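Note sheet for the following structure.
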Amino acid sequence: MDFSAIISISSTSSCSSFFTLSQTQTSSSKSHLLSPHGNGMPRFHPNSIFKSLKCIQSPTPASLPSKPSSFSCSAGTLSPTQTAHLPPRKLSALVEEFQSLLEPLDRVKLLLHYASLLPSLPESSRTDSNRVMGCTARVWLDAQMDSQGNIRFWADSDSEITKGFCSCLVSILDGAAPEEVLELKTGDLAALNVGLPGGERSRVNTWHNVLVSMQKRTRALVAQKEGKAPFEPFPSLVITAEGFQPKGAYAEAQARYLFPDKLKVEELVKVLKEKKIGVVAHFYMDPEVQGILTAARKEWPHIHISDSLVMADSAVNMAKSGCKFITVLGVDFMSENVRAILDQAGFGQVGVYRMSSERIGCSLADAAATPDYMNYLNAASSSRPSLHVIYINTSLETKAYAHELVPTITCTSSNVVQTILQAFAQVPDLTIWYGPDSYMGANIKELFLQMTMMSDEEIAEIHPEHNRDSIKSLLPRLHYYEDGTCIVHHLFGHEVVEKINEMYCDAFLTAHFEVPGEMFSLAMEAKRRGMGVVGSTQNILDFIKQRVQEALDRNVDDHLQFVLGTESGMVTSIVAAVRSLLDSSKSTSSTKINVEIVFPVSSDAMTKTSTSTSPVLESIKIGDFTVPVVPGVASGEGCSIHGGCASCPYMKMNSLSSLLLVCHHLPDERNNLKAYETERFKSRTPQGKSIADVGCEPILHMRHFQAKKELSKELVYQVLGPHSNGKLA
């Protein structure tokens, strides 16, 4: 079949380029699209399926045109079926063009050739609002909708390689209909191999990040044309070397305590030093308490703010340094773990105190302390060999009862994937029962499903003893509990994800492993293009610090935007870490880096407004305890245990007043702090053993795994050995 086609297109382009495209097929055989030209540049072969898209540059305009200009592809006539879906055709031609070059150097030369065809943007378009985040080099992107409803794109970069990426994407999507722009997926770009070394993967991510930015701008232009009201932005906090700027009432509430009362800091430091008191606190603590603690630890080193895993270790180190008392700011299972681990380490004389006279619960820990969860484990005990992988955010009592039913190892959100993969590799025909977090369990299973589509080499980078076949074989033997959630991470559902997709798809996306599947998938997609992280609170903090440091190393002005997909209490530690990085660069660089932390907020937030414009404090009941809610406004900011903002009402039961009360009354010679003291477990397991001793065993198995990267021999024996009613024979 012989056919040729000439396409005539008139549209707006700052490139003002002249494209010629012709199609000729004279035989069924397929020849290389390109052959090396005499000057070292590749050119199209005469018998190629697609002939070269030749750009003849016109002078760079002083500003972006407001009306269509002379972007034209001349050629004859195509039938409707031939002109439909032109961007996929252009992408296919581009893929074939690069893949036809066997030498990586030739592909890079071709990319640089494309870069030379893209005119520079005028300075008026090189604005912060047009910057594309996540690229190693600076990239600017602008977009308009022309009179025919098609989308016009302009792009530029201060890197020639990156400029080549932009040129290719503009050549594919410039002048396309909105639906054609939005239909293109980042995965569609996987076949584009420009021959860059593996260390340049951050540059290759430019393909994806520029495309995502193109699609964000397209959605905004379509909404504007249809007269739709834009989404209200989430509240956020902008951090700079000079200070910070809160945007929205909720962000203002978070920021209020970042510069704490100096008198309260001095009061706390004085009593901590006098009475040798250590403080361990969780990242999700009340912003007032975190602000005070962050300032106080500059003068008293025995203050540690972290995730739940490190809290007990920090308490042991404080006891070794001579602290006589440990105050724990968190939920009850955290203080229980601290008490038990101190006893295990030989520091039984050190007192442990919680920061509320009321019970401080946890929706996730409570889910594991139910008959339903024990029934789940009873089913596991009848399946041999089985291993129960329990999330660290559970009580010591639950861990003890579980371990007597099924051999159990504790995990965290940062090591759960490696724990499960190592267990499957180490114990043949193993069945794993994970709990109690249902979202995390579903996310782990989804991650493994995604791994079945990866190459063996890619899987080996995650775990060296696994491949596609082994991952496929373990999926039917991986179970997770389906009725346990964290009330904070539960809110990151459809509504929040939809808004993130609409307004923040080009931002850095962080997500705790406990978020619902939609948020998990969104964050995983961002992670694949270098724009996201999924993991623990510490993983999230490390990711933000790494990206800020990379921006400082580039030594160019930048604005980094991070969506915080976890409890908003993290912001205090984030601000401290970011300000430290920015301050350290002041003496060596004049670069201005702005870091914006975005707080996703669900619209069903509980709020109450007064007759004034200022928000007032709402409160909610948890059992017999009334918890104050961070102020909100009627437009949607605020907090609710039913899904208002990412703020844990249980964690907020820890107050500064309680901390000062406990510290001032230590040592408790008159027994005034009985309600605050974390007592040792006196009850026994069904087999008559100490709950503290048995409950610590899964934690010790986890510590062995972290140190040796394998399950302990003792745990493997428990999994494989003769078992009767939970007791080794």
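Treat the numbers as computed from the prediction; the structure is a model and nothing was measured.
- Identified under the side-chain hydrogen bond (donor to acceptor under 3.5 Å, both in side chains) test for residues 360-371, with sequence neighbours left out: R359-D366.
- Enclosure of atom NZ in K445 by more than 12 non-hydrogen atoms of other residues, nucleotides or ligands within 6.0 angstrom is indicated.
- Smallest separation of non-hydrogen atoms from T408 and L715: O-CD1, 4.1 Å.
- Under the 6.0 Å cut-off for aromatic ring centres, F492 and Y439 do not qualify, their centroids lying 6.0 Å or more apart.
- The two residues L700 and Q344 have their closest heavy-atom pair at CD1-OE1, 4.2 Å.
- When side chains are defined from C-beta on, L541 does not count as touching T537, because their heavy atoms never get closer than 4.5 Å.
- At distances below 3.5 Å, not a single donor-acceptor pair connects side-chain atoms of H403 with backbone N or O atoms of G695.
- Taking the six-membered ring for Trp and the full ring otherwise, the centers of H479 and W433 sit less than 6.0 Å from each other.
- A side-chain contact (heavy atoms from CB on, under 4.5 Å) with L711 is found for one member of V719, L430, L387 and no other, namely L387.
- Of the possible polar contacts, none joining the S580 side chain to the A576 backbone as a donor-acceptor pair under 3.5 Å is found.
- The side chain to side chain donor-acceptor pair (under 3.5 Å) search around S414 returns T412, not counting sequence neighbours.
- Under a 4.0 Å N-O distance rule, the pair K652/E567 qualifies as a salt bridge.
- Looking only at side-chain heavy atoms (C-beta outward), H466 and L474 come within less than 4.5 Å of each other.
- H463 and Q422 share a side-chain donor-acceptor pair at under 3.5 Å.
- Q538 and D542 form a side-chain donor-acceptor contact under 3.5 Å, judged by distance and modelled atom types alone.
- Remark: the backbone N or O of M285 is paired with a side-chain donor or acceptor of Q290 at under 3.5 angstrom.
- The minimum heavy-atom distance linking L173 with E180 is given by the pair CD2-O, 4.3 Å.
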Would C362 and D332 count as a side chain to side chain contact (heavy atoms under 4.5 Å, CB included) here? Give the steps. CA-CA 8 Å; C362 167; D332 282 351; over 6 Å; no
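- Nearest heavy atom pair, residue L564 against residue M570, reads CD2-CB, 4.2 Å.
- Interatomic distance, CG of N209 versus OG of S213, reported as 7.0 Å (0.5 Å rounding).
- Atom CG of D429 has 12 or fewer neighbouring heavy atoms from other residues, nucleotides or ligands inside a 6.0 Å radius.
- Put simply, the side chain of F424 does not reach to within 4.5 Å of the side chain of S470, judged on heavy atoms.
- In this structure, NE2 in H282 is found 10.5 Å from NE2 in H304, a value given to the nearest 0.5 Å.
- The CE atom of M451 sits 10.5 Å away from the CG atom of D456 when rounded to the nearest 0.5 Å.
- Paired with D558 under the rule side-chain contact (heavy atoms from CB on, under 4.5 Å), one option of R131, R547, E550 passes, and it is R131.
- Between L364 and G484, the shortest heavy-atom contact is CD1-C, 3.9 Å.
- Going from atom CE of M531 over to atom CZ of F543 covers 7.0 Å, rounded to the nearest 0.5 Å.
- N443 contributes atom CG, which lies 8.0 Å from atom CG of D437 (distance to the nearest 0.5 angstrom).
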